[in-house]
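Side chains included, hydrogens not; waters and symmetry mates left out as well; all remaining heavy atoms used.
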Amino acid sequence: MLTALRHGSPCTAVRVVPDSPCAVVSVAFDRGYLDDPPHRPGLAHLFEHVWFALEPRGPALEWGETGEHAVVLHHTCPPDRIAAVVDAVATRLARLTAPPSPEAVTAALRLIRLEHRGLREEPLPGFPRRSLAGLLRGDPGFDPVAVRAGARELPALAGELGRFVHGRAHAVCVAGPTPGPAADDLARMCAGAGVRPAVRPPAVPPAAGRTVTEGGTGACAAAWVLPRTPQSAAAARLVAGLLERRPRPAGTRWVSGRVLSPHGVVPVRGGHLYAVAAGTDGRRPCAASLPGTVLLPLLRGPLDDLGTVRSALVRERPDVTDLAAWDALDLLHGTPGRPCGPDDVRRAVRSLDAEALHRFADLLAAGPYAEIDTRAAGHP
């Protein structure tokens, strides 16, 4: 239950999750990989790692993620240590007004190189997220993870990181089994240097039908930017569940769809990013367009198992970290008075029927989308 909420600088929220075994502080910054400067791809991802190289470190398990227009930082701890973690987060926020030390930047770069090498040596199956990032960025070769910088560039890189969140909105959200600090007290502690920026135009995929082909991953995908409403997010979640219950088309290992985030919501400026993807059998690329052969026929056919999928989604209970991060993203990119947080999406899931999903199909058919055809390695 969301017990307190504040819009301002920073945006703050407090959520009570009575049965949670731990507490969490989530910090989100209004800048992600699509905001990287052309000369410095990977800057948002580097900022994520530099944050965790800063002192002090509270008594928490820490990790982060870099999204399209936000970096989200997680700090999970025992409930009785939440005050110490909030204090450590507030100190780090205050230190962001100055460039990080060369030691912090060097440590972050070292971790990114290890992370990148591991991803390259053991590619994970699933959605081709890097290809989607390239399409949204307008650069098929864009890599939102890697950062390339030599030793001589460290001073300039530290300066860029010092300016990375200057003037950007940030959100700090606390969630746990007992009430944390009041939202206004949290805002005073974590003021930092952020301000709410002017709203920029929505990011949208290239014109419908644009296809990017790359080698090696054996998957294909189509992606849309949806209106930022609980109904569109709920429809995408329901369609994902329906897809996973359907037989796979010939030539594929799996077909599924999702709103691209472990939290169910990743804000692309102005809306949600929804994608449907298929893993190929490794011998040939996707035979045809996913929207035309898989997604739209599903939505325009009988939806007899909609009730089963809806019941499964309603029973889902995001953990405390997911809820805090989702609240932070909704505060950053939502519209005051028009919430689209986890509680709002769950209510929409309960109410959507087959007719609403047919309207969702019309939205997908009419809206611009991007297609990715990632061929298996060695395919001509």
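- No more than 12 heavy atoms of other residues, nucleotides or ligands sit less than 6.0 Å from atom CZ of R81.
- Inspection of the S232 and T229 side chains reveals an N or O donor paired with an N or O acceptor under 3.5 Å.
- At least one side-chain heavy atom of L96 sits under 4.5 Å from a side-chain heavy atom of L54.
- Residues W63 and W326 are members of separate hydrophobic clusters, defined by side-chain heavy-atom contacts under 4.5 angstrom among Ile, Leu, Val, Met, Phe, Trp and Tyr.
- Linking ILVMFWY side-chain heavy atoms closer than 4.5 Å, directly or via other members, places V309 and V314 in a single hydrophobic cluster.
- Of the candidates E48, H69, E68, Y33 forms a side chain to side chain donor-acceptor pair (under 3.5 Å) with just one, namely E68.
- Within 6.0 Å of CZ in R350 there are 12 or fewer heavy atoms belonging to other residues, nucleotides or ligands.
- The CZ atom of F142 sits 6.5 Å away from the CG atom of L34 when rounded to the nearest 0.5 Å.
- For the residue pair H333 and D30, a side-chain donor N or O sits within less than 3.5 Å of a side-chain acceptor on the partner.
- A donor-acceptor contact shorter than 3.5 Å is absent between the side chain of D327 and the backbone of C173.
- Listed by chain and residue number, D184 satisfy the side chain to side chain donor-acceptor pair (under 3.5 Å) test with R6 (two or more places apart in sequence, or in another chain).
- Taking every heavy atom of both residues into account, A44 and V71 meet most closely at O-CG2, 3.8 Å.
- Looking at R110, its side chain never comes within 3.5 Å of a backbone N or O of V105 through a donor-acceptor pair.
- Of all non-hydrogen atoms in C22 and V320, the two that sit nearest each other are SG-CG1, 3.7 Å.
- The backbone N or O of V25 sits less than 3.5 Å from a side-chain atom of H75, completing a donor-acceptor pair.
- One finds no salt bridge joining D87 and R92 here, because no Lys/Arg side-chain nitrogen approaches an Asp/Glu carboxylate oxygen to under 4.0 Å.
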For this session: Show the numbers, then the answer: is there a side-chain contact (heavy atoms from CB on, under 4.5 Å) between T12 and R188?
Result: CA-CA 10 Å; T12 54; R188 282 191 290 272; over 6 Å; no

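- To the nearest 0.5 Å, atoms CG (D319) and OG1 (T76) are separated by 8.0 Å.
- When the side chains of ILVMFWY residues are joined at heavy-atom separations under 4.5 Å, either directly or via intervening members, L109 and F52 end up in a single hydrophobic cluster.
- Looking at H170 and V165, their side chains never come closer than 4.5 Å, going by heavy atoms from C-beta outward.
- In the hydrophobic clustering of ILVMFWY residues, with side-chain heavy atoms under 4.5 Å counting as a link, L5 and V16 come out apart.
- In this structure, H272 NE2 and L329 CG are separated by 10.5 Å, a value rounded to the nearest 0.5 Å.
- D19 places a side-chain heavy atom less than 4.5 Å from the side chain of V17.
- Taking a cutoff of 4.0 Å between a charged side-chain nitrogen and a carboxylate oxygen, D304 and R245 do not qualify as a salt bridge.
- L111 and L61 fall into different hydrophobic clusters, where Ile, Leu, Val, Met, Phe, Trp and Tyr are joined by side-chain heavy atoms under 4.5 Å apart, directly or via other members.
- Annotation: the span from S20 atom OG to R317 atom CZ amounts to 14.0 Å, rounded to 0.5 Å.
- Residues L46 and E160 fail the side-chain proximity criterion, which asks for heavy atoms closer than 4.5 Å.
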Exercise. Given V174 and V24, is the side-chain contact (heavy atoms from CB on, under 4.5 Å) satisfied, shown in steps?
Worked result: CA-CA 6 Å; V174 172; V24 63; over 6 Å; no

For this session: Go through the steps for L332 and R168 under the test side-chain contact (heavy atoms from CB on, under 4.5 Å), then give the verdict.
Result: CA-CA 10 Å; L332 275 187; R168 298 280 181 156; over 6 Å; no

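- Counting heavy atoms from C-beta on, the side chains of H49 and V147 never come closer than 4.5 Å.
- Between the W224 side chain and the L364 main chain, a donor and an acceptor come within less than 3.5 Å of each other.
- Taking CG from L306 and CG from L352, the interatomic distance works out to 8.5 Å, rounded to the nearest 0.5 Å.
- Residues P37 and L43 form a side-chain contact, since some pair of their non-hydrogen atoms from C-beta on lies under 4.5 Å apart.
- Of the inter-residue distances, the one linking D305 atom CG with R310 atom CZ reads 11.0 Å to the nearest 0.5 angstrom.
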Exercise. Where do V89 and W51 land on the side-chain contact (heavy atoms from CB on, under 4.5 Å) test, with the steps shown first?
Worked result: CA-CA 10 Å; V89 165; W51 170 269; 4.3 Å; yes

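- Heavy-atom minimum distance, V345 versus A233: CG2-CB, 4.0 Å.
- Proximity of a side-chain donor or acceptor of R95 to a complementary backbone N or O of E55 within less than 3.5 Å is detected.
- The shortest heavy-atom contact between A277 and W254 is O-CZ3, 3.4 Å.
- In terms of heavy atoms, L290 sits closest to A222 at CD1-N, 4.2 Å.
- With respect to the salt-bridge test (charged N to carboxylate O, under 4.0 angstrom), the residues R258 and E244 do not qualify.
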Exercise. Between F29 and F164, is a ring-ring contact (aromatic ring centres under 6.0 Å, His included) present by the stated rule, with each step listed?
Worked result: CA-CA 10 Å; F29 288 94; F164 181 78; 7.8 Å; no

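- Partners of Y274 by ring-ring contact (aromatic ring centres under 6.0 Å, His included), not counting sequence neighbours: none found.
- Annotation: side chain of Q231 is not in contact with side chain of R359 (no heavy-atom distance under 4.5 Å).
- Counting heavy atoms from C-beta on, the side chains of P179 and R15 never come closer than 4.5 Å.
- With sequence neighbours left out, A182 forms a side chain to side chain contact (heavy atoms under 4.5 Å, CB included) with D185.
- Nearest approach of A348 to A234, heavy atoms of both residues: CB-CB, 3.6 Å.
- Residues R347 and D344 are paired through a salt bridge, judged by an N-O separation under 4.0 Å between the basic side chain and the carboxylate.
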